[in-house]
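These numbers come from the heavy atoms of this one structure, side chains and all, not from hydrogens, waters or symmetry mates. Numbers for residues simply follow the sequence, beginning at 1.
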Amino acid sequence: RIFKQLTMMEDAMLTYRVVRCLHGKSHIWTQDGYEQIQNLKPGDKVWSFDFKNNKKILSNVVNVVNNGRDEIYEVKSLHRTLKANKTHPILVKDKRTGTVDYVQVGNLRPEIHQLFAPSLEENNQNLLKISNYERSYEWFGVLNDHGKKQFLARDKDKNISVAQLAKEISFPLGRINQFLYSTKNGQRIKGLPYAVAAEICEKMNISLDGIMKYPKGIKSFFKTNIPEHITPDFARFYGFMLGDGSIQHKNHKITFATGVDQSQNMFYKNMLETLAGPVHFSQDKRASLPILGSFGCSNFYFCNLMRDLGYVGIAKTKRLPRWIWTAPREIKEQLLLGLCDADAHIRTQRKTESFEISLASEEMIKDIKELCHQLGWNVSAKIRHSTTKGGRKIGKFTLKETNCWSLYFTKTQTADCENIISVNKTDEITDVWDITVDNDLHNFIADGVVVHNSPERRVFYIDVGNTAPNDIPAYMEAAKKALR
C-alpha cells in the first residue's frame with residue numbers, strides 16, 4: 001500500500017527547483033532587527049521592498065529551506081557586501097535604460113547594474129517604556145507620602161486596629177508597625193512583601209497608589225530622575241555606557257572610564273548623577289593625567305534596570321539592545337553617537353564628520369553596521385579585523401593578545417541604488433539557504449540588499465487513476481500525512 005502511494009505521489013506532480021540561495025550567515029532584516037537566514041523560522045516577520053512605491057513592507061516567512069552545499073559568490077557595492085550562490089536573483093536597476101528587474105548573481109555586470117540598498121525609514125514614533133521586568137524580581141512595597149497621609153487621616157473608630165490586623169492576617173505586629181509608622185528618609189527601608197503590603201492597605205482603607213513598589217534588595221531610596229520613556233539623552237547615555245561603562249551586579253555598582261576630554265567626562269558624570277544618584281571619582285594612579293580614572297555610584301534599582309534594558313555581558317560579548325531596532329530614528333542616532341563618544345576616533349574632512357569605531361565585540365560591530373544601513377548612513381562595506389600581540393608590560397601588568405573589529409561610517413545619507421563594484425567567485429563552499437515570504441513582492445532584504453525569494457515551481461500535473469488534476473494538491477497532502 002505504501003509503495004503504491006509513493007508511486008502515485010511521484011507520478012502525480014512534477015516539480016522543478018532552481019537552487020537560488022544565500023550564505024547561511026546572511027543578515028535578514030526582521031521586524032526586531034536582523035537575523036541570520038539559517039536561524040529564521042516560519043512565522044518570523046521580515047522586511048520586503050516595494051520598489052514601485054519606494055516602501056518597506058513587513059512579510060511573514062512561510063518556509064525556510066536548506067538547499068545543501070554550493071559555491072559562494074560575493075557581490076560588492078560601495079557600502080554593501082552580499083554572499084550568495086550563482087543563481088540567486090538580485091533586484092537591480094539597469095543604468096542604461098532605467099529598467100528594474102531581478103538578475104541572477106552570475107549575470108550581474110558592474111558596468112550595467114546597480115543594487116537596490118534601501119534604508120529603513122518607518123517614521124516610527126513608538127515610545128519605549130523604561131521599566132523593570134516584573135518576573136525578574138521579588139517585589140516589596142513601602143508606604144509613600146500619599147499612603148502615609150491616608151493612614152494618619154483614617155477614622156480609628158471605623159478601622160481595624162493594628163493589633164487586630166496582625167492577628168487577622170497572621171503577620172508579626174512589629175513588622176506591620178515598621179511598615180506603617182517608619183519613614184524612609186535616610187533610613188533603611190521597612191518594606192514588606194508586596195502581597196502583604198497590599199493586604200494591609202486594603203484592611204486599612206489605603207489605596208494601592210499609596211504603596212511604592214520596589215524590587216527586593218534595595219537598601220535605601222534615592223530620588224532618581226529616570227524618564228518614563230527612552231529619551232534621546234537616555235539613549236546617548238546608554239550608548240556611551242556600551243563603550244566605556246560597566247556594571248558590577250554583586251555590589252550594584254555602575255561605573256564608566258574617563259578620558260582626556262574633561263568636558264565629556266563631566267557631561268556623562270552629570271547624566272549618571274541625575275539618573276542614579278551621587279557619583280564619586282576614583283583616580284587611576286597608573287595614569288599621568290589626574291583626570292583619568294572612573295566615575296561611579298551604587299544603585300540597585302538602576303543597575304538592574306540597565307540589565308533589563310539589555311545591558312549585559314563584557315567588552316567581548318556586548319550587543320546593541322533589542323529595543324533599538326524598533327526605536328524612532330532620533331533614538332537610534334543618539335545611541336550610536338553616545339557609543340562613538342566612548343570608542344570612536346572622530347575627524348572632520350571637507351566639512352563631513354566621520355567615525356572610526358573599534359571594539360572587542362565582533363557581534364556588536366555587526367550590529368552597528370546593520371543599524372547604519374537601516375538609517376541609510378554611509379558605512380564601510382567590510383568589517384576589518386586586527387590582532388594586537390600580548391607581552392607588553394604596563395607597571396605590574398602584562399597585556400594579553402587582543403582582537404579588535406573596526407568599521408568606518410558617516411551620517412551622510414546614501415542613495416537607494418548603488419553601483420556594483422565587483423562580482424567574484426570565492427573559495428567558499430558551504431550550506432546555502434532560502435526563504436519564502438507571503439506577499440506578491442516575493443522579495444526580502446539581505447545584508448541591506450533586496451533579493452528575490454525562491455519558491456518551488458510546479459511545472460505540470462499528470463492525471464493518476466481517477467484523480468482529477470484540481471484534486472492533486474489535496475491528495476498529495478493527505479498522502480504525506482498518512483506516511484508520517
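The number of heavy-atom neighbours closer than 6.0 Å to NZ of K318, taken from other residues, nucleotides and ligands shown, is above 12. For K129, the NZ atom sits in a packed shell: over 12 heavy atoms of surrounding residues, nucleotides or ligands are nearer than 6.0 Å. No more than 12 heavy atoms of other residues, nucleotides or ligands lie within 6.0 Å of NZ in K25, so this atom counts as exposed by the packing criterion.
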**OP:** Could you walk me through whether N299 and H252 pass side-chain hydrogen bond (donor to acceptor under 3.5 Å, both in side chains), step by step?
**Re:** CA-CA 6 Å; N299 187 309; H252 317 303; over 6 Å; no
**OP:** Step by step, work out the side-chain contact (heavy atoms from CB on, under 4.5 Å) result for I435 and F444.
**Re:** CA-CA 9 Å; I435 62 174; F444 56 95; 3.5 Å; yes
**OP:** Mind running ring pair (Phe, Tyr, Trp, His ring centres under 6.0 Å) on Y181 and F151 for me, showing each step along the way?
**Re:** CA-CA 9 Å; Y181 290 104; F151 172 66; 5.2 Å; yes
**OP:** Let me see the working for I254 and L272 under side-chain contact (heavy atoms from CB on, under 4.5 Å), right down to the final yes or no.
**Re:** CA-CA 9 Å; I254 182 167; L272 177 58; 3.9 Å; yes
**OP:** Go through D434 and V64 one step at a time and tell me if the side-chain contact (heavy atoms from CB on, under 4.5 Å) criterion holds.
**Re:** CA-CA 6 Å; D434 201 8; V64 182; over 6 Å; no
Subject >> Test log, rule ring pair (Phe, Tyr, Trp, His ring centres under 6.0 Å), inputs W29 and F49 >> reply: CA-CA 11 Å; W29 288 11; F49 182 58; 9.9 Å; no
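In this structure the side chain of K45 reaches within 4.5 angstrom of the side chain of L58, judged on heavy atoms. At least one side-chain heavy atom of F179 sits less than 4.5 Å from a side-chain heavy atom of L192. Two residues are said to be in side-chain contact when any heavy atoms from C-beta on lie closer than 4.5 Å; L336 and C372 meet this criterion. Residues V92 and V100 fail the side-chain proximity criterion, which asks for heavy atoms closer than 4.5 Å. N403 places a side-chain heavy atom less than 4.5 Å from the side chain of W405. Under the 4.5 Å side-chain criterion, counting only non-hydrogen atoms from C-beta, L180 is in contact with I200. In this structure, Y238 and L309 have side chains that are in contact, with non-hydrogen atoms separated by less than 4.5 Å. Residues L375 and R329 have side chains in contact (heavy-atom distance under 4.5 Å, counting atoms from C-beta outward).
For S207 and D209, the side-chain atoms include at least one donor-acceptor pair closer than 3.5 Å. Inspection of the H79 and E418 side chains reveals an N or O donor paired with an N or O acceptor under 3.5 Å. Between the side chains of E428 and H23, at least one donor N or O lies within less than 3.5 Å of an accepting N or O. In this model, a donor atom of one side chain and an acceptor atom of the other lie less than 3.5 Å apart for E370 and H27. For the 3.5 Å distance criterion, the side chains of Y268 and D341 qualify, holding a donor opposite an acceptor. Side chain to side chain, D233 and T231 fail the donor-acceptor criterion of an N or O pair below 3.5 Å. Neither side chain, E74 nor N424, offers a donor N or O lying under 3.5 Å from an acceptor on the other. A donor-acceptor pair shorter than 3.5 Å cannot be found between the side chains of T99 and D94.
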Review item, side-chain donor-acceptor pairs of residues 240-248, under 3.5 Å, at least two apart:
from: S246; atom 1: OG; to: T255; atom 2: OG1; distance (Å): 3.0
from: Q248; atom 1: OE1; to: N251; atom 2: ND2; distance (Å): 3.4

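The line from CG of L22 to CD of Q36 is 12.0 Å long, rounded to the nearest 0.5 Å. Atoms CG and NZ, from L337 and K411 in turn, are 5.0 Å apart once rounded to the nearest 0.5 Å. With rounding to the nearest 0.5 Å, the separation of CG in L359 from SG in C404 is 7.0 Å. The distance from the NE2 atom of H442 to the CG atom of N453 is 6.5 Å, given to the nearest 0.5 Å. The structure places CZ of F256 at 6.0 Å from CZ of F295, a figure rounded to the nearest 0.5 Å. The CD1 atom of I211 sits 7.0 Å away from atom CG of L143, with the distance rounded to the nearest 0.5 Å.
Under the 6.0 Å distance and 45° angle rule, R307 does not count as a cation-pi partner of Y311. Because its NZ or CZ atom is both nearer than 6.0 Å to the ring centre of W139 and within 45° of the ring axis, K213 counts as a cation-pi partner of that residue.
The two residues G293 and T258 make their nearest non-hydrogen contact at N-OG1, 2.7 Å. Across every non-hydrogen atom of F281 and L292, the tightest pair is CZ-O, 3.8 Å. Between I28 and A446, the closest heavy-atom pair is CD1-CB, 3.5 Å. Closest heavy-atom contact between Y102 and P89: CB-CB, 3.9 Å. For the residue pair N85 and Y73, the shortest heavy atom distance occurs at C-CD1, 4.3 Å. Across all non-hydrogen atoms, the minimal contact from Q150 to I206 is OE1-CA, 3.6 Å.
Proximity of a side-chain donor or acceptor of S26 to a complementary backbone N or O of I37 within less than 3.5 Å is not detected. Although no hydrogens or angles enter the test, the distance criterion places a donor-acceptor pair under 3.5 Å between the side chain of T274 and the main chain of N270. With hydrogens and angles disregarded, no donor-acceptor distance shorter than 3.5 Å links the side chain of N60 to the backbone of D438. Looking at R347, its side chain never comes within 3.5 Å of a backbone N or O of S354 through a donor-acceptor pair. R80 places a side-chain N or O within donor-acceptor distance of the main-chain N or O of G448, the cut-off being under 3.5 Å. No side-chain donor-acceptor contact under 3.5 Å links H88 to the backbone of V451. Without hydrogens or angle criteria, K369 side chain to M364 main chain gives no donor-acceptor distance under 3.5 Å. One N or O on the side chain of K56 and one on the backbone of S119 form a donor-acceptor pair closer than 3.5 Å. Checking side-chain atoms of N53 against main-chain N and O of K55 turns up no donor-acceptor pair under 3.5 Å. No side-chain donor-acceptor contact under 3.5 Å links W433 to the backbone of C21.
Shown are I420, L108, N443; of these, the side-chain contact (heavy atoms from CB on, under 4.5 Å) with I90 is made only by L108. In summary, of the residues considered (D367, I445, D447, L371), a side-chain contact (heavy atoms from CB on, under 4.5 Å) with Y34 occurs for D367 alone.
For T348, the side chain to side chain contact (heavy atoms under 4.5 Å, CB included) partners are E353, not counting sequence neighbours. The ring pair (Phe, Tyr, Trp, His ring centres under 6.0 Å) check on F355 picks up F409, with sequence neighbours excluded.
Relative ring orientation between F51 and F116 is described as tilted, the plane-to-plane angle lying within the 30° to 60° band.
Using a 4.0 Å cut-off between charged nitrogen and carboxylate oxygen, R96 and E111 do not count as a salt-bridge pair.
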